[in-house]
Structure formats: structure tokens, C-alpha cells
2 protein chains.
Amino acid sequence: MLTYTLEPHTSVPLYEQLIRRIKEDISSGILNPGEKLPSKRSLAGNLGISTVTVETTYQQLIAEGYITSAPRRGYFVSDISSLPSVSVTQDPMDHRSKTEPTLREIPPVYTTDFSNSATPGENFPFTIWAKLSREVLSGESSRLLKTSPGTGIPELRTAIARHLYSYRGISCSPEQIVVGAGTEYLYGLLIQLLGFNRVYGVEDPGYRKISRVYQSYGVSCRHIPLEDFGKCPEILNETEADVLHISPSHHFPTGRVMPIRERNILLQWATEGDRTIIEDDYDSEFRMVGQPIPSLFETDPFGHVIYMNTFTKTLASTVRISYMVLPEGLMNRFRERLAFYSCTVSNFEQYTLSLFLTSGSFGRHLNRMRNYYRAKRNRILAILTDSPLASRMRIREEDAGLHFLMELDMQMPDQCFTEKCAAEHIRITPLSTYYHDPGQAPQHIFVINYSSLDETRLPDAVRKMAGILRDERTT
Amino acid sequence: MLTYTLEPHTSVPLYEQLIRRIKEDISSGILNPGEKLPSKRSLAGNLGISTVTVETTYQQLIAEGYITSAPRRGYFVSDISSLPSVSVTQDPMDHRSKTEPTLREIPPVYTTDFSNSATPGENFPFTIWAKLSREVLSGESSRLLKTSPGTGIPELRTAIARHLYSYRGISCSPEQIVVGAGTEYLYGLLIQLLGFNRVYGVEDPGYRKISRVYQSYGVSCRHIPLEDFGKCPEILNETEADVLHISPSHHFPTGRVMPIRERNILLQWATEGDRTIIEDDYDSEFRMVGQPIPSLFETDPFGHVIYMNTFTKTLASTVRISYMVLPEGLMNRFRERLAFYSCTVSNFEQYTLSLFLTSGSFGRHLNRMRNYYRAKRNRILAILTDSPLASRMRIREEDAGLHFLMELDMQMPDQCFTEKCAAEHIRITPLSTYYHDPGQAPQHIFVINYSSLDETRLPDAVRKMAGILRDERTT
């Protein structure tokens, strides 16, 4: 007969104690496979506990497969193929000290950070967003909790189509739009749609995350120096890429706008070889001078361009909503192959963003942001041109988007300058690091992301940078 | 000299009209590459418009690459390599009629739907969620808009670790947790983490979406009949799978709990071959009888098991928040290779869910849901056993989760019964459709998802199903 000493006065219920003890005996081989267990009544009598407790214990042991019950014959130990080192005897409470959740905090190091491209929180239209969220949450719950189509709720896709038409001159149907939690997620969907065996071309220099996604998916990825391809279009065929991922309206990091001649060559290349262009229009909203640059998508009559954009830049980097517009042919393929995926954006945020778009709040927010960033850019340019650094620098490509380039007249290697800046708590990234082969890259040019730059500290940082250049001459 | 008739009294600004007309002339070859354009002043005089308008026009044409400017020499037409069929002449307004966003609506067909596994909206704790959302949105915005680590905000990971410890007996550090927008997204991350060249084993029968994700990623996927593998463990090695994706606590669709013997064999298999098990614990919270089944993750001393769960089931199918717990070794590899990915869940929802967990609301909600579903399941079982169908059916595996199985005593093929049900607006799915080879599957067993079932219509639906079986005998 089984005999266990149970503790009636602890917080652990008797049946839990009994379950654990019998499991231990089965795991350690004290109870052997096939061995008959005492009846519920006799075990209860022996241990001085109720039969209900034994009943609960046996049922749980049956559910987990430690014992079996044979009708009218009783309960039997199962053959559990013990793992010698699986320690079921360990008291789960023993873990507590070592698992008390803690997190390492990494303190911020830089006081001036030219490398941070996040949009600052202070500009997020909190009050309106919170009001619209409340409206959504106080709305009809059955609608809110109806599963979203994989491509996003119709309300949001309709609002995006209207927005694209008004602000970007793009004509598309809401049924061509796919909403997802960030562009990185959409890149992954596109690889699944276009194929793992295709060769993906990315811009060199370019936004490093894009090629990292392709590499992480294990597909062939070519880094193509597109800055010169207008002069030698053969380069496109030489790389064997058949999907090209580009930002023609505002290239990162050079800020270059792709001229119409190169756009036409690209469209011809795509059409001839049944290739695909992914147009990543990530900050077209922030063109500071003139009219918006027309998108490649709208000038493509043959359905080879996929348009992609995000609200991450225009709203806040923590709002994870992006979208893409597929040409009809690819959209049909998407419906066949990828429609089974659930939408990755929650309904609450999809509805809130729909309201934000249709109420005109987004349009007003964009105008406010353009003015804000234009003014900020001008103040920063003024600080730079009015600083001791002015005689040693040249500003480039400042018309569009939330970054520009600064070329410095200096001798030391970029890496050396970057390190001296870091020692002064200034973070700055050379353009060359965005090249696949940094050795081939132009030197002494730096990327200035200004969206999150702390202006109050800028004059001091610029003085220090000028100091670093001055020291170079004197030594 | 260029001569255009511009319309001063339309809503289209003069510079937009002029830009469009010059683009047309360049695209159609009326203006040739290299041709010099009139000076701003003379074109303005000729057209009777201001030089500012011409200045704006030229700047935009330069930005888009249609013309170039040479200092002190003037403006020249670029060689744009025209695409003959790219119609830049089309008035964008022409699209309006055909692109006025519309969406196809598919009307609901079924009055009783046993195939819908979504959790019903009415149970979502709206009031509390809205209150916590408001708290989050009225909180410190700088914290809210700080970019989330790729694995999720520390607050949420800490809250999940505590929840796992209390409710599931799982000891892990918040730094082992990765938060993502739905389990399907996390499956994709795991393929990138574990490798595209590995062989992934899924349960046969099983949840079809899982194998669809693997297929969509182009990796080898084997369907393994795990129900029998306790009897012949060799099957695991024969399939050559080295990653196994399973739901040991509550298998879908059979509802089976994996017994301890098979768990031990699996852990041994994983340890011997340095293989990985993905434990998809998708509805362990809804075990209706007895204690929770211990997770494979916590019984694995060797770090070969990845634990995965979702709030989609427990909260609402439209809240897209899931998470996984990686063993230390894999978490290190994740940090090296995949840390560059942004988190796919917005900060607002991450903070709201953190509060929901730490305030105890989630625990209370789970208790309420368990009681709700237990009562609902009992009412549905009562309706079934008290119906004309009772003599022809047997209920199986009803202890856990939000579905059970119904075996029917009938002769007709499952497909035929399903179609007759559909004609009566009843949607029901045979177990066999969840088998990779439905021909090998047991027949006459149906999956009853009851979480969203409309009980008021159930008695009528059951009468109709009994009628279908009765007709079978009489014909």
C-alpha cells in the first residue's frame, strides 16, 4: 500500500501534494509499469484523506498519462519511458529566486544623436488619437470583434485608397491594398508571394534593414549601385536581380530623387523580363520643397510595381501599421496563396486609424508635421551654417525627407571622426557604412537624421565637432 | 518659344498645368533631349504669367529629372528614355469613376456554424480594456513613444513571465520572451531562426494553418501521425523531421492530451539529435476539468522546447498579441540574427495588455471565461444529448478547450452529410479534413467548435441534422 506523509496545513492542496508524490514514484521507478494502484477508497482510508481527493488525483494522473484506468479492474501505472534527467521532483517554488523577473537596462550614452531616425513622440497627436480610440471602443462591439480580413478591415483600406488618391495621385481599389504590422512584415509577405527562388536587388547604398530581411529569409540578395545606373543600365541585367526594392521618391541615405529617365528605364526593364519593382515610399510625405514626386506605381501601366508605405514615419514609430498596394495580377496571386494569414494589426488600431484618416485629422497632421520639420530643418541648417563648422562643411540633398547629408572637409578616416565624436557623446554615421562595400564608398560624408535631434544641445555638439577638425590640422 | 494655353479659372493651379504640359511635350518628343528651354522671364512674358510660376515649374521638372539647369547657361531638356506606352498625358481625374473605392460584401450564409473557432466578441472585457487604454493614452507620452525593443516592451514581457509562472508553472526570464502580432507571425520568425534547410514536422491531423505557413515559407514539411507514435516511436526518425510543431496540452482537432510517456520519448528524441520542439499551447487556459496539464517546456531540462501562446484566444481574435519563450541558447541566437526586427505590436496595445495582466484583470477574465465556456459547453452537451440526435451520436474529448468531437452513427460519406447540412445553413467540418490524407482518416467524426456557437439556433439545427440521418435510413 502507498504511504505518503501529506502536509494538511500548507497552502499546497492535498491533491496537489499527492499528485506530485505519485508522479515522483512513477518517474523514479518506485512504482513500476503495470503495477496496480490501491482503490480510491482504500488509499483514502490509508492516508486519512477523503476519497474525493484521491479521485481528483487519479483523474489528473490519467489525463497526463501517468496511470490508466481499466473498467471494473482498477488503476494501473503506465510505462512512461522515464527520462533519467527530467527532474519532476524539483519543487516549482525553488525557481522563484532565480526567475524573479528582472531586465537589464542600457543607459543612453549620446547627448546628440544624428543617427536616430525615429519620429519624436511629442508630435504624435495624442489627444485626437485618444479621442478616436475612445470612440472606437465605445462603438458597436460586435463590429469591432468581427475577425478582420487578412488584408485589413474594409474601412481602413477604403480610407487608405482615398488618401493615396488625394495626396499621392495614386488610383487603386481598396481590394488591392494589404495592411500589415510594419513594412518589415510586409517584405516577408512579398518574399512568400514573389518566391524564394528569385533574386532580390536592393540599393547600394541603402537602408540596411531591407537587405537584412532578405538575408534572414535566405533569398539571394544583390546590392546594386543604382546611383549610376542611368549611365549604364546594363548593370540591372548583369546582377540577375528580378525583383528590385527601391525608394525612388527619396532614397535613403543619399536623399536622391530618381529622375524620370531612370524611372522609364526601370519600367522597361521590369516589363521586358516580367520582373517586379517594390517601391518603398517610406517618407514621401516629407518633401519640403515643391510638389510631391509622382510615384513609380502610378506611372507603371503594366502592373509590375508594388507600392509600399507606412504610418510608422508619419504618426509614430510605435504605431505599427503599414500597407502595400499590389497590381491586380499579384493581388490575385496573393488571394490564392496568402489569404489564409490573419491580419497582423489589431482591429482597435485599424478602426482608430480609419477614423483618423476619414475625419481629416491625418491630412491636418501631415501639414502640421511638414511645417514642423521644415522649420526644424531650417533652424538646424542655420545653426550649422552659423557655426565654427561652416567653413569645413557642405550640406547636400536637403529638399526632402527627414535627413540630409553633410560633407566635411577633413583628412582623417570617417571611422576616426566617428570615434572622436562618440567620445564627446555625439553619435554620427558616415554615409559609407550604408554601402555594401564601405571601401568603395565616398568618404567624409555623414548622414544627418534630424527628426529626433535635440536642438538645444546642437550648438555645443557642432562646436565640439569643429574642435575635432581643428585639432586635426594643428597636430 | 513654347506656347501653351493655360486655364486661369480652374481649380488646377497654373504651375501644375504648365508642369503637365511641358512633361507631355518632353515625353512625346515635341521637346527633344538637349533642347534649350526659354528663360524664366521670357516664358513668363510669353504666357502672361508670373516668373514665380515658371520658377516653381522649372524647379519641379528638375526635381523629377525632366530638365536640368546649367549655371549661367539656362535650362535644358533631359534624355528621359521615353516608354512609348507610359501615358503621362492622362488626366489623373479620369480615374475617379473607376477607382471610387468600393468593396465586395460577402453575406453570411450559415445560421449554425460549428467550424468557427473565433472567441465571441461579447466576452471581451471592453469596459476594462477601454479604461486601461485611456490610462495608457493619458500617461507619460515620452515613455509610450519610445521605440519598443524588437522582442516587446520590458513591462509586457515581465507581466507575461509572472503570468506564466502563476498560471502555468513555467519559470522563465522576461528576456527569454518574444512578443509578436499573432502566432503565424512568430512561426515565420522561428523558421528564420531555426533555418530554411530544416525539416519541419506537424501533427496529422492538425491545425491546417500551421502547415500552410511552413509551405508558404518553402520549407520541407512532414505530416506525422502522432496519435500512434507512442506505440512506434521510430516514426519520428523515419520522417527526418528535426523541428516538431505540436500542441501536447490539447491537440487540435482531436482534443487529445499527450501522455507523459510520449512526452518523455519526444524530449529524448529532441535531446539526442539536437532537435527542436515548438510547443503551441494555444488553448491550455480552457481546460475544463482538473488541473492544467504541465507544459513540455517546463519539463524539458535541456533547452530544446520553445513555448508559444497567444492572447488571441483568451481575449479576442482581433487582439493580435502572441508570444513565445525561447530556451537560453536559442534566445542568444535570436539576439544575434533577428534582433534587428521591430516589434510588430504597437506600444499602446503592449502597455494596455501589461496593465491588464498586472492589475489582475486577466486572471479574473480567465476565470470568468472558464466558467462561461464550461457552462456553455454543458448547455450545448445537454441540448445534444436531449435531442433526436442523441441515439446516433457519441461525444469525445470534451474535457479541454473550446471544441470537442462528435461521432455520428451513419453510413453516408462525411462529405455528403456536410453538404446536406450546408443546404440547411449548418456549417460543420469532418475530422477527416484535418488529415493530410483524408482517405486514411477515421470517418463520421465531426469537430464541434462551440466558442461562438449561437445556442438559440442549436436545437433547430440539431433537429435538422437528426432529420438528415433519419432520411438516410428510410431511403
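Each chain gets a letter, A, B and so on, in the order the sequences are listed, and its residues count up from 1.
- For chain A, the nearby parts of B/V213 are the backbone and the side chain; heavy atoms of each come within less than 4.5 Å.
- Of the listed residues (A/P259, A/G182, A/S342), the greatest number of heavy-atom pairs within a distance under 4.5 Å of chain B belongs to A/S342.
- Taking CG of A/N116 as the reference point, atom OG1 of B/T147 lies at 7.0 Å (rounded to 0.5 Å).
- In terms of the side chain to side chain donor-acceptor pair (under 3.5 Å) criterion, residue partners of A/E16 (sequence neighbours excluded) are, by chain and number, B/Q291.
- Contact detail for A/S216 and B/Q192: the closest heavy-atom pair is OG-OE1, 2.6 Å.
- Applying the salt bridge (charged side-chain N to carboxylate O under 4.0 Å, His left out) rule to A/R168 yields the partners A/D281; only residues at least two apart in sequence or on another chain are considered.
- The shortest heavy-atom contact between A/I80 and B/N264 is O-ND2, 3.0 Å.
- Scanning all heavy atoms of the two residues, the minimum distance from B/A181 to A/A181 falls at CB-CB, 4.3 Å.
- Residues A/A63 and B/I293 share a closest heavy-atom pair of CB-CD1, 4.1 Å.
- Put simply, the side chain of B/C343 does not reach to within 4.5 Å of the side chain of A/R320, judged on heavy atoms.
- When the candidates B/F196, B/W129, B/Y217, B/Y15 are compared by the number of heavy-atom contacts under 4.5 Å with chain A, B/Y217 comes out ahead.
- Listed here is the closest heavy atom pair of A/F340 and B/K209: O-CE, 2.8 Å.
- Interface remark: B/E64 contributes backbone and side-chain atoms alike to the contact with chain A (heavy atom separation under 4.5 Å).
- When heavy atoms are compared at a cutoff of 4.5 Å, A/F126 approaches chain B solely by way of its side chain, counted from C-beta outward.
- Among A/M258, A/Q350, A/E349, A/E262, the residue making the largest number of heavy-atom pairs under 4.5 Å with chain B is A/E349.
- The closest side-chain heavy-atom distance from A/P294 to B/K23 is below 4.5 Å.
- At a 4.5 Å heavy-atom cutoff, A/L193 makes no contact with chain B through either its backbone or its side chain.
- With a 4.5 angstrom heavy-atom cutoff, B/R337 touches chain A only via backbone atoms.
- Contacts between A/Q59 and chain B at a heavy-atom distance below 4.5 Å are absent for every atom of the residue.
- When heavy atoms are compared at a cutoff of 4.5 Å, B/S133 approaches chain A solely by way of its side chain, counted from C-beta outward.
- You'll find the side chain of B/F124 stays beyond 4.5 Å of the side chain of A/L144, heavy atoms only.
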Is there a side-chain contact (heavy atoms from CB on, under 4.5 Å) between B/I260 and A/S78 once you walk through the steps?
CA-CA 9 Å; B/I260 179 73; A/S78 302; 5.8 Å; no
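- For B/L338, the part sitting under 4.5 Å from any heavy atom of chain A is the side chain, from C-beta outward, and nothing else.
- In summary, the aromatic rings of B/F348 and A/F348 are positioned with their centroids too far apart to meet the 6.0 Å limit.
- Contact record, B/S346 with A/V319: CB-CA, 4.3 Å, taken as the closest heavy-atom pair.
- In summary, the side chains of A/Y341 and B/Y185 do not present any donor paired with an acceptor at a separation below 3.5 Å, with no hydrogens or angles considered.
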